[in-house]
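Per chain, numbering begins at 1; letters A, B, ... match sequence-line order. For clarity, every value in this text was computed on a predicted model and none was experimentally measured. Side chains are part of it too, since the values below use all heavy atoms of this structure and drop only hydrogens, waters and symmetry mates.
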Amino acid sequence: MAKFQSLKDAVAENLNDGDIVAFEGFTHLIPHAAAHEAIRQDRKNLTLVRMTPDVVYDQMIGMGMVDKIIFSYAGNPGVGLLRRMRDAIENNWPKALEIEEHSHAAMANAYEAGAAGLPCAVFRGYKGAGLKDVNDNIREITCPFTGEKLAAVPSVRPDVTFIHAQKANKRGDILIEGIIGVQKEAVLAAKRAVVTVEEVVDDFEDVHVNACILPRWAVSSVCVVEGGAHPSYAHGYYVRDNAAYVEWDKIASDRTLFREWMQINVLDVDENIFVARINTLKGAA
Amino acid sequence: MAKFQSLKDAVAENLNDGDIVAFEGFTHLIPHAAAHEAIRQDRKNLTLVRMTPDVVYDQMIGMGMVDKIIFSYAGNPGVGLLRRMRDAIENNWPKALEIEEHSHAAMANAYEAGAAGLPCAVFRGYKGAGLKDVNDNIREITCPFTGEKLAAVPSVRPDVTFIHAQKANKRGDILIEGIIGVQKEAVLAAKRAVVTVEEVVDDFEDVHVNACILPRWAVSSVCVVEGGAHPSYAHGYYVRDNAAYVEWDKIASDRTLFREWMQINVLDVDENIFVARINTLKGAA
Amino acid sequence: MDAPFTPDEMMTIAASRALGNDDICFVGIGAPSAACNVARLTHAPDITLIYESGTIGTAPDILPLSIGDGELCDTAVTTVSVPEMFRYWLQGGRVSVGFLGAAQLDKFGNINTTVIGDYNSPTIRLPGGGGAPEIASSCGEIFITMKQTLRGMVEAVDFFTSFGHGLGGSDRADLGISTKGPTLLITDLAVWRPDPTTKEFVVQSLHPGVTQDMVQATCGWVVRFADDLSVTEVPTALELKTLRDLKARTEAAHSGEAA
Amino acid sequence: MDAPFTPDEMMTIAASRALGNDDICFVGIGAPSAACNVARLTHAPDITLIYESGTIGTAPDILPLSIGDGELCDTAVTTVSVPEMFRYWLQGGRVSVGFLGAAQLDKFGNINTTVIGDYNSPTIRLPGGGGAPEIASSCGEIFITMKQTLRGMVEAVDFFTSFGHGLGGSDRADLGISTKGPTLLITDLAVWRPDPTTKEFVVQSLHPGVTQDMVQATCGWVVRFADDLSVTEVPTALELKTLRDLKARTEAAHSGEAA
């Protein structure tokens with residue numbers, strides 16, 4: 001049952017060293033503030049899961065918090081590569097990173113199967129693709145009616161999922177609108193779920209009957225963090241900070257520069273900094 | 001690509017003798033007008049598919065159009081049994097009816113798998129249930145990671161699906177709101193799809209970004225039939241005609257009475273009758 | 001002095017008491033729906049009611065005639081597709097209580113709503129299982145409510161529409177089902193719970209004015225009564241008023257009048 | 001007299017011409033996105049553009065920087081979840097054309113965006129496949145667009161991120177893949193189509209001013225040229241204006257100014 005609490009408390013209560021954790025968001029609504037709090041609390045030995053690990057996962061990997069990553073596309077969207085993640089894979093800096101790599105279809109199906117309480121996802125995929133030769137978690141299953149060979153991957157079942165959403169109501173129900181990605185699945189697949197929101201409203205009376213709403217009993221914690229997705233965006237609130245993504249490419253290109261930036265912009269601040277970061281990005285949304 | 005046409009033409013072009021056909025609707029938005037047109041056009045040897053066959057399937061079975069039915073709950077909702085379907089199963093009147101019976105979970109998954117282009121659906125179900133002993137289309141599949149035995153059923157892939165929806169826009173995109181059931185899946189699982197709608201509007205500009213919309217290229221025909229779900233209902237347009245469902249129980253209880261009613265209310269009329277049937281049911285919706 | 005009440009009212013109210021404020025309840029139609037909504041309107045205002053039509057967290061002002069009435073959607077927290085309902089919410093293990101009715105029931109909580117007689121040439125073809133087979137296996141526990149009759153409560157069901165405790169004992173766990181299964185049966189005469197070991201339903205309390213003979217006379221198996229058999233608490237004035245108001249509003253709405 | 005244009009513009013415009021009004025096109029980011037939107041803004045106004053973020057039938061006024069930009073959702077017919085996108089729309093066989101870019105490409109249309117070097121100890125770790133492995137197998141056919149370089153167009157890809165025609169011939173069908181795979185490659189220098197039998201890409205037309213030597217000098221395999229090799233039609237004034245306006249609006253929007 002959702003409880004309203006500070007982001008600090010929510011991370012402290014829900015994220016443990018060694019957890020399998022998803023900070024989900026598909027370009028839209030990426031929970032940057034929550035990830036930064038996890039960095040401040042210095043969690044270790046995490047297994048990160050996400051279809052599209054981008055800047056926040058680059059940051060967590062660069063800070064040495066991550067043992068393993070399960071993913072399907074690791075890039076800085078519209079900019080290029082993830083330099084901290086590359087440094088970990090190519091040079092073991094700051095430590096070695098184990099990877100379990102899938103396609104988007106596999107990951108989307110794996111989250112879906114996790115939400116559905118199933119041990120594995122079954123789909124038509126990986127035909128001729130090289131990943132099935134380097135990932136033992138890609139297997140075959142045979143249709144008992146047609147004999148067709150289908151792909152199977154284990155479902156994703158995180159210990160905890162973090163997402164950012166537009167609104168909670170006073171009861172703690174969560175509203176997600178726009179590009180909804182795999183957030184509903186990531187929450188329902190997880191044992192615990194923490195949601196940061198732009199704002200809390202009285203009720204969802206005026207919301208569409210079929211909108212993407214997570215009832216309060218499907219989430220553990222709700223934390224109000226205005227701007228908490230920055231430099232990602234929140235449909236209806238603020239636009240994507242493309243300049244910040246471009247800037248990240250420079251910051252991440254140098255180990256020292258990276259550490260200095262993290263000290264100033266993450267370690268020495270708290271989530272209240274986010275509201276100022278979206279000041280110039282409102283209105284256009 | 002959706003073409004706007006008369007219901008008569010849409011049924012003539014899309015429904016053939018011997019087809020596997022779904023007239024889907026989960027209490028809400030049941031395509032009664034389309035089913036009545038199929039009855040008037042006297043299609044034969046159909047295999048009907050539906051989670052909740054109710055009055056329209058009772059009518060089609062009673063008219064001798066149906067060889068087989070694939071279903072998970074055959075009742076007159078809130079009233080009782082389906083007397084024409086019972087008469088076919090228990091007494092072969094007017095002819096024998098083959099049944100393939102599933103649970104709701106299996107049927108919902110089978111439509112989902114059909115929409116997803118898969119040959120079968122995989123889920124956790126039928127544990128201890130008697131249906132798997134009488135239905136050879138309920139089989140087992142083993143998770144290649146955990147060894148858990150899961151249930152598998154063939155996907156549903158109708159030749160044609162008929163649904164009723166609230167609105168089309170001028171391009172032919174379809175909007176479904178409220179209890180959306182398995183209609184999206186039934187349309188996407190089918191080779192062809194015919195949609196009757198309450199009305200055509202200019203565009204869907206004011207519709208929620210994540211509303212259930214079928215793009216025009218996912219449907220074959222769009223037919224305007226105001227009231228076309230009666231005695232089912234259309235959220236936002238008119239309420240359910242509960243009295244008609246109760247009345248059906250009496251009509252269907254007698255073979256002669258049934259045939260007389262069908263003659264007067266289906267065979268001797270056309271779909272233009274539906275608008276009058278909802279006259280007293282508007283407003284409350 | 002307590003108001004008089006019918007056995008049917010006692011059944012519904014006793015059933016409503018079994019539900020808690022934090023329950024996520026998958027509601028069958030008929031008696032379960034009335035009980036769940038009485039609970040919501042009395043002691044469990046925050047209970048989440050889910051109907052298989054996809055309506056989550058619904059709070060109908062009147063009882064639906066079917067599981068897909070518009071009232072359910074109008075008052076729901078959200079309405080999802082039926083595949084999502086069965087995959088994420090039911091199979092996903094999010095439902096604490098499944099509330100079912102039964103056409104035929106045996107002493108181990110196995111339910112038949114499929115056929116009377118042989119499956120392939122039935123005496124009576126019933127509607128079938130609908131959501132029940134997976135409600136019975138996926139919900140944390142199952143409550144059952146039905147009126148007692150010799151035809152309904154039988155030594156052995158003609159068909160296992162949904163699995164309760166099988167032939168008792170560890171049958172359920174032996175099939176790999178990890179949920180509790182039927183933990184409560186509420187009839188118009190009594191409240192029953194399964195024996196912890198044999199899983200046979202045992203009468204825990206008789207509704208006011210009901211005798212052991214009355215229970216046995218309307219039950220097709222030899223009834224076991226608990227050693228500490230008690231009397232079901234009579235409906236309170238609030239419970240009765242809530243149920244009757246709900247039924248009156250429902251009657252008015254379904255006959256087309258303003259509620 | 002025709003306006004001057006860059007090779008990049010020629011590439012995008014030539015690619016846009018391959019798309020028809022009735023196509024349902026799954027759009028990769030970068031060059032494919034520009035080509036698809038130029039098609040929509042010129043000869044194919046009713047084309048359906050789908051991005052893997054779940055946006056169906058989108059009509060962005062500016063080019064998205066990522067596949068999940070808000071502009072895509074704002075202008076879409078509808079936006080669905082990512083699991084639905086991959087299950088119902090891609091795997092369901094609803095997409096006629098998948099449009100992909102490539103970091104590495106071989107002459108049989110196999111694409112690598114995963115690693116340069118060995119998978120387990122790569123020289124360069126690239127972003128990975130994202131949607132590409134199943135786009136490549138599920139769409140009716142695949143169009144590829146990329147700028148020619150010796151590093152990019154190689155004799156053999158380091159990793160089969162997405163499968164084209166394998167080692168050519170019937171390799172694709174032999175794997176049980178029923179879709180056509182790569183049917184078109186458009187570079188900044190030429191338009192290529194696979195040989196019907198060997199499936200090796202063959203240059204069909206050279207962009208204006210481009211020589212066979214220029215194509216070979218920037219391609220890592222021995223290039224085959226069609227017997228009836230032609231010259232790609234130069235961009236029309238409308239095509240150029242449409243592309244340049246689109247890029248200008250995009251530039252203005254992404255640098256924070258009003259478009």
Side-chain angles (χ1 to χ4, degrees), chain B residues 1-3 108-123 155-158 161 165-177 180 182-193 201-220, chain D residues 19-27 40 44-51 53-61 68-98 131 134-140 176-179:
Chain B
M1 197 62 65
K3 57 180 169 182
N109 276 287
Y111 272 117
E112 202 274 347
L118 292 173
C120 64
V122 177
F123 64 108
S155 59
V156 168
R157 305 298 300 263
T161 287
Q166 278 102 339
K167 291 179 176 69
N169 65 21
K170 284 185 171 170
R171 293 158 53 91
D173 304 318
I174 303 296
L175 173 67
I176 310 171
E177 297 180 300
I180 55 180
V182 290
Q183 278 99 306
K184 178 186 262 190
E185 288 76 14
V187 164
L188 296 179
K191 296 192 186 87
R192 303 179 296 278
V201 297
D202 285 348
D203 58 55
F204 290 161
E205 285 299 315
D206 55 346
V207 172
H208 189 268
V209 290
N210 304 120
C212 180
I213 291 175
L214 288 164
R216 68 196 190 288
W217 42 270
V219 304
S220 315
Chain D
L19 294 165
N21 208 28
D22 289 341
D23 273 322
I24 314 298
C25 181
F26 210 102
V27 189
R40 181 177 62 79
D46 287 334
I47 190 172
T48 294
L49 304 183
I50 294 179
Y51 288 73
S53 54
T55 50
I56 296 177
T58 185
D61 192 50
D69 277 19
E71 174 84 357
L72 296 174
C73 176
D74 287 336
T75 62
V77 171
T78 188
T79 298
V80 302
S81 75
V82 166
E84 178 178 328
M85 173 54 68
F86 281 94
R87 285 181 73 81
Y88 293 179
W89 302 94
L90 183 62
Q91 183 178 264
R94 298 269 162 191
V95 180
S96 60
V97 176
E134 283 77 20
I135 292 172
S137 58
S138 294
C139 295
I177 310 176
S178 58
T179 51

For this session: Side chain from CB out, backbone as N, CA, C, O: work out which of these in D:Leu90 comes under 4.5 Å of a heavy atom of chain B, or both, or neither.
Result: neither
Seminar exercise, completed: From the list D:Thr79, D:Val80, D:Thr55, the residue making the most non-hydrogen contacts under 4.5 Å with chain B is D:Thr79
Problem set entry | Heavy-atom check, side chain of D:Arg87 versus side chain of B:Glu112, under 4.5 Å | yes
For this session: Using a 4.5 Å cut-off on heavy atoms from C-beta on, say whether the side chain of B:Phe204 contacts that of D:Val77.
Result: no
Seminar exercise, completed: Okay, B:Asn210 and chain D: the region with an atom under 4.5 Å from a heavy atom over there is both
Problem set entry | Full working for side chain to side chain contact (heavy atoms under 4.5 Å, CB included) between D:Ile50 and D:Thr48 | CA-CA 7 Å; D:Ile50 294 179; D:Thr48 294; 4.1 Å; yes
Exercise. Run the side chain to side chain contact (heavy atoms under 4.5 Å, CB included) check on D:Phe26 and D:Arg94 step by step: do they pass?
Worked result: CA-CA 10 Å; D:Phe26 210 102; D:Arg94 298 269 162 191; over 6 Å; no
Exercise. Side chain, backbone, both or neither: which part of B:Ala115 has a heavy atom under 4.5 Å from chain D?
Worked result: both
Problem set entry | Options D:Asp22, D:Ile24, D:Ile56, ranked by heavy-atom pairs under 4.5 Å with chain B, top entry | D:Ile24
For this session: Would you mind telling me which of B:Gly117, B:Ala116, B:Pro215 has the largest number of heavy-atom pairs within less than 4.5 Å of chain D?
Result: B:Ala116
Problem set entry | B:Leu175 and B:Glu177: CA distance, side-chain angles, deciding distance, side chain to side chain contact (heavy atoms under 4.5 Å, CB included) verdict | CA-CA 7 Å; B:Leu175 173 67; B:Glu177 297 180 300; 3.7 Å; yes
Problem set entry | Residue B:Glu205 versus chain D: region with a heavy atom under 4.5 Å | neither
Problem set entry | Approximate separation, where rounding is to 0.5 Å, of B:Trp217 CH2 and D:Asp46 CG | 13.0 Å
